[in-house]
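First the proteins, then the strands, lettered A, B, ... as listed; each starts at 1. Being a predicted model, the structure only gives us computed values, none of them experimental.
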Number of protein chains: 2
Amino acid sequence: MKRTLETIAYKENTEALAKFAKALGHPTRIAILKHLQSQSCCFTGDLVDVFPLAQSTVSQHLKELKNAGLIQGELKSPKIKYCINQENWKIAKSLFQDFFD
Amino acid sequence: MKRTLETIAYKENTEALAKFAKALGHPTRIAILKHLQSQSCCFTGDLVDVFPLAQSTVSQHLKELKNAGLIQGELKSPKIKYCINQENWKIAKSLFQDFFD
DNA sequence: TTTGTTTATCGCCAATAGACGATATGGTTA
DNA sequence: TAACCATATCGTCTATTGGCGATAAACAAA
């Protein structure tokens, strides 16, 4: 995991696809996204109740999904409502679609 | 990353999808698979020439793709010919397709 | 048998990931 | 202001990942 400077230059789509895939590379995050799809939106607390994980752990997974652009949060004080980021979802969808031919 | 015993039980599809996604979660592995798609098959040595990575590193990536079931190797002494595992490829494709709706 | 070719595996290291409890933050409500 | 939510962040721990060079293994050919 050296090669921190002078990283390999991949095509943009390759990097983007890998980034999305990495975010999807954990069953908890897949399950969170499935939950968001079925509920359309939900609060962090809902997820903490659903999964037998610490609140901080769930929050961490949400952060990674947010960083990857797959979800977005909206402040509904005092809670935060998370939804799928539809725009990036479409991008991810078509990247995977194209990749698999 | 504790919870080694008493792991969470996810639905089978969730686990399978996460496993495929994890394997796709590195740009080098995406690039290898793209290469295999365009060439239909190729040898380890070909990939070592294409990527500025040590032979052992490329071999490691191939191992992970093989473990995930996305590729398969066939001995063509003294080389090994790697191809997409079409059967599992279809499975992965439909898992991602279903996931993204 | 020895040599050469190709690929996998080993050992090592640094960085990242994933889990947790504890604490901080931001916004309501009393 | 003070107390109370819900959530994020911090610090710590262990496991895994990704890179490398060196070595092993498998096999063909000399």
Grab the NZ-C1' distance between B:Lys81 and C:dT6 for me, whole Å please. 16 Å
Atom-pair distance (NZ on A:Lys19; P on C:dA17), nearest Å: 12 Å
Does the base of D:dG18 carry an N or O that pairs as donor and acceptor with the side chain of B:Thr57 under 3.5 Å? no
Of the candidate nucleotides D:dG18, C:dA19, C:dA8, which contains the atom at the shortest distance from the side chain of B:His61? D:dG18
Whole angstroms only, please: what is the CG-C1' distance between A:Leu53 and C:dG21? 14 Å
Pair B:Glu64, B:Arg29 - check side-chain contact (heavy atoms from CB on, under 4.5 Å), show working. CA-CA 9 Å; B:Glu64 285 178 50; B:Arg29 293 196 287 272; 3.1 Å; yes
Check every atom of D:dA8, C:dG18, D:dT7 against the side chain of A:Tyr82 and return the nucleotide holding the closest atom. D:dA8
When we call it a touch if two heavy atoms are under 4.0 Å apart, what does B:Ser59 touch: a base, just sugar-phosphate, or nothing? base
If you go through the side-chain atoms of B:Gln55, does one of them form a donor-acceptor pair with the base of C:dA8 closer than 3.5 Å? yes
What is the separation between atom CD on A:Gln60 and atom C1' on C:dC20, rounded to the nearest whole Å? 12 Å
For B:Gln60 and B:Gln55, indicate whether the former's side chain and the latter's backbone hold a donor-acceptor pair under 3.5 Å. no
note: A:Ile80, atom CD1; D:dC5, atom P; distance rounded to Å ~ 18 Å
Distance-only, no hydrogens or angles: does the A:Asn88 side chain make a donor-acceptor pair with backbone N or O of A:Ile91 under 3.5 Å? no
Single-linkage hydrophobic cluster, 4.5 Å side-chain cutoff, A:Leu33 and A:Phe43 together: no
With a 4.0 Å cut-off on heavy atoms, is A:Ser56 in touch with a base, just the backbone sugar-phosphate, or nothing at all? base
Enumerate the residues from residues 21-32 of chain B whose closest heavy atom to DNA chain C is under 4.0 Å, giving them by residue number; use none for an empty result. none
Could you check how far NZ of B:Lys76 sits from C1' of D:dA26, rounded to whole Å? 17 Å
Are B:Thr44 and B:Lys79 linked by a side-chain donor-acceptor pair shorter than 3.5 Å? no
Passes side-chain contact (heavy atoms from CB on, under 4.5 Å), A:Leu53 versus A:Val48? Steps please. CA-CA 7 Å; A:Leu53 293 168; A:Val48 174; over 6 Å; no
Residue mapping more 5' on DNA chain C - nearest nucleotide basis, A:Glu64 or A:Leu75: A:Glu64
Starting from C1' on D:dG19, measure out to CZ on B:Phe51 and report it in whole angstrom. 15 Å
Given atom CD of B:Glu74 and atom C1' of C:dT6, what is their separation to the nearest angstrom? 16 Å
Taking the six-membered ring for Trp, are B:Trp89 and A:Phe99 parallel (under 30°), tilted (30 to 60°) or perpendicular (over 60°)? tilted
